[in-house]
Amino acid sequence: MGKPLVFVGTVGLMPRVVHGQPSHEKQARPGDLIVMAGGRVGKDGIHGATFSSESLHQGSPAGAVQIGDPITQKKMHDVQLEARDLGLYRSVTDNGAGGLSCSVGEMARESGGCEVELSQVPIKYAGLLPYEVWISESQERMTYAVPPANAPKFLDLIKSRDVEATVIGRFTDDQRCRVTLHGKTIMDVDLTFLHDGLPQRRLHSDFQPPPSREPALRPRKNYTAVLNAVLGRLNLCSKEYVVRQYDHEVLAGSVIKPLIGVKNDVHSDAVVTRPLLSSLAGVALSHGILPWFGDLDPAAMAFCGIDTAIRNVVAVGANPERIALLDNFCWCSSDEPFRLGQLKRTAEACSRAVLGYGAPLISGKDSMFNDFKGFDASGRPIKISVPPTLLISSLGLVEDVRKCITLDAKAPGDLVYAIGETRDECGGSEYYAWLGESKGKERVLGKNVPQVDIPAALARYRKVHRAIQEEILVSCQSLGLGGLAVGFAKIAMAGELGLTVDLDAVPASPKLRLDKLLFSESQSRFLVTVAPAQRKRFEAMMSGEPFALIGRVTKEKVLILEGPEGPVVEAKVLELKAAYKKTLDW
Amino acid sequence: MVKPRVLVLTGYGINCDEESEFAFNQAGGLAERVHINDLIAGVKRLSDYQILVFPGGFSFGDDVASGKVLALRAKANLGEQILRFIGDGKLILGICNGFQVMAKFGLLADADGDYRSQRLTVTNNDSNRYEDRWVYLRRVSDKCVWTKGADRIYLPVAHGEGRFFAGEEVVAAIERNDQVGFRYADEDFEPAGGRYPLNPNGSLRDIAGICDPSGRIYGMMPHPERFLHFTNHPRWTRLKDHLRREGKPMPEAGDGLRIFQNGVNYFR
């Protein structure tokens, strides 16, 4: 048991302008009251942020974990929107890491100082030390800067919604952060020192690429069994069991759901939501997370993660010119030079990639010590660390949700095209991981991790986007884990139709042996289907791209992948689907 | 003509109020979200509206049992007003958590017209977990105002406590009085016969929605407000492609809109 990580993302929506003011601007002024609203402060979440950023060990405090209360959260959220629309407060910050010390401390910068009387802060129970009240991360709390003239109305409104709100101090402009308890000063710190007083820590990093080599591969005559096995791997298999347990349709804006196809049971590349029901605009969400690539080269993890996150939203119809990204670094042992070297290399690659794609990183998160220190069964000390992991989330704008598309094959006779080149890039792939596991010995990572040509990828994404906008594509899939083989399987499974593909026609460089062609995870590739009537328009639109007509959709529910000496995969689509589902079919 | 005014209840964890408001406005009503505390405090008056909606959500955190606490709060503070509202011949719709609230309030009355006693419930799914999935529904009741014309409809459910349950006599009475709004069905709209996941929660007799004896007061587990646009359909990209090959345009509205139009048109 190590330190488990769960990645969670949220997207908020706000009006650009409220009461004639840009709604993202906030400005606490001297004299504004400091109001804390929502839940009460308890001993839960003391040093919560510190806890989540250090390794888990025997002495880790149980109280560091915050106790959530969704109903308080929802009540507070509702009333905050009411207060916002009435223009009752000038600034707001949530009480996350560091609790009041951070929320009030941050807002104090806007006005130039603050005074807080801790005895006014509502607490869950007696017995909290003053510093605990100041830093507790108890949840569902917001801190507001409320002009005194608005205070009665603001407090009444919040009270009328059964939410607690309390004036705990006021913002000042004397450049001090002052905290008192029953009038007695317990903290009085210069604001500049509070924010910028921490001396820059110097760390040493050192990156050496780990030794790697390509595995010796035994050619097979048939890869049907391999495809079935790869489809059932945890990273690729159906997570319908989990997805169904989350409300993915609340607010009624769902356009492309997490599960698509004839039976609503194959994962889509991205989801699309229409956040305003009165508008046709949509937001596409997806992600790229490839820690296995990072084990070979952290820069490849970043380039491929960003390319994947972008490609996935482009595949459902997002405009490649209007994509924003988030970076989430979950690292381990970030005091060791090698880990820091990996971190630096990842960050540098992120910088180059986002500039290349013109897709800004607008938010993110890091957690640097995902290590567990404990003892194994025989009492020996043990350290378990997560692999350095970069998660890139993508958020792409869709101008008209009615043009979104899905990856499922839709009609027999449609043409199947591969767009983008398949290369000898199985390093860190699902195929190699399966090879290693099936032999049961050493992990097979390989060497040739996928590389990204950003200008070429971006040009391709623009063309694919245009084809989607002009409604030339019937289906579009971003190729990712498991490569072409899994891509074909998903198109067929989702449409419950067959495909017959000539593997020889797939654009590849150099000419690849069949297993590499099938399972390489080369980036920036798509599989699309096109109605025969659109063939000319499509091919003209793709001119200049490495693309080829490689097969057809068939009525028989059989996936046939032809090699030079006959079929190398011949699988019933429903059997593939069974393999895809059985791993997590609870 | 004057648009009927629709009161969409909010507060305490209700979270389908915005789309329910949109749905009624889209259907030609004049909808307004009103916090239950504003009704209790008299800031807003129920008598000013023609339709009352209990939307979906997780009111009071689903504590005790879904819908139970909100039902008690409504009954204790607004009980008389709601009974008068019913007596005035007005309409009530409850969706998902709103249906749970209505069931626990007792609003889904039997033939005797008692709107205060709980005789049926919606409780934990047979699967024992929350599930979001689309279901096929077949209209049953001829008297239900809300389901008119929606003979066959495909809608999402999203709940952990959606299993309709009641004693045999109550179920028999509900069926005898033509109070079953929709039943869960298969793709051909034949009865689900309790088969999971067609009947997603194990509801008795595949019952997905129930109205009162007048047909005006109606609650259902599936979410019609989540199918207001054609693009909400889980397979709309396929349907669009097939229509396109036949040279037909893609519809804009989703089938769920019908339910809301039925409510609004009742007052035309």
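Labels below follow one simple rule: chain letters A, B, ... track the order of the sequence lines, proteins then strands, and each chain is numbered from 1.
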If we ignore hydrogens and angles and just use 3.5 Å, is the side chain of [X] paired with the main-chain N or O of [Y] as donor and acceptor?
{"X": "A/R274", "Y": "B/N232", "value": "no"}
{"X": "B/W236", "Y": "A/V255", "value": "yes"}
{"X": "B/R244", "Y": "A/E471", "value": "yes"}
{"X": "B/K240", "Y": "A/R402", "value": "yes"}

**Message:** Quick one about A/N264 and B/R235 (side-chain donor to acceptor, distance below 3.5 Å, no hydrogens or angles considered), yes or no?
**Reply:**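 A donor-acceptor contact under 3.5 Å links the two side chains.
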**Prompt:** Without hydrogens or angle criteria, can the side chains of B/D132 and A/Y246 be said to hold a donor-acceptor pair below 3.5 Å?
**Reply:**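 No, no side-chain donor-acceptor contact under 3.5 Å.
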**Item:** Within 6.0 angstrom of B/R45 CZ, more than 12 heavy atoms from elsewhere
**Value:**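 No, not enclosed.
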Contact origin within [X] toward chain A - heavy atom pairs under 4.5 Å:
{"X": "B/Y12", "result": "both"}
{"X": "B/F227", "result": "neither"}
{"X": "B/D241", "result": "side chain"}
{"X": "B/H242", "result": "side chain"}
{"X": "B/Q26", "result": "neither"}
{"X": "B/I36", "result": "neither"}

**Item:** Residues A/D78, B/R33: salt bridge by 4.0 Å N-O rule
**Value:**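 Between B/R33 and A/D78 there is no salt bridge, as every charged N stays at least 4.0 Å from the carboxylate O atoms.
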**Request:** Taking the side chain as every heavy atom from C-beta outward, state whether B/R245 and A/V474 have any atom pair closer than 4.5 Å.
**Result:**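 Side-chain contact under 4.5 Å: yes.
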**Item:** With B/C16, the side-chain contact (heavy atoms from CB on, under 4.5 Å) member among A/L251, A/V250, A/D247
**Value:**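 The single option meeting the side-chain contact (heavy atoms from CB on, under 4.5 Å) with B/C16 is A/V250.
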**Request:** Please state whether the side chain, the backbone, both or neither of A/K75 comes within less than 4.5 Å of a heavy atom of chain B.
**Result:**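 Contact with chain B involves the side chain of A/K75 alone.
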**Request:** With a 4.5 angstrom heavy-atom cut-off, could you sort out which part of A/Q73 is near chain B: side chain, backbone, both or neither?
**Result:**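 A/Q73 has no heavy atom closer than 4.5 Å to chain B.
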**Request:** Applying side chain to side chain contact (heavy atoms under 4.5 Å, CB included), name anything that partners A/K557, two or more places apart in sequence or on another chain.
**Result:**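 If we apply the side chain to side chain contact (heavy atoms under 4.5 Å, CB included) test to A/K557, skipping adjacent residues, the hits are A/E496, A/V573.
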**Prompt:** Residues in side chain to side chain contact (heavy atoms under 4.5 Å, CB included) with A/P15, at least two apart?
**Reply:**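 Only A/V18, A/R84 meet the side chain to side chain contact (heavy atoms under 4.5 Å, CB included) criterion with A/P15.
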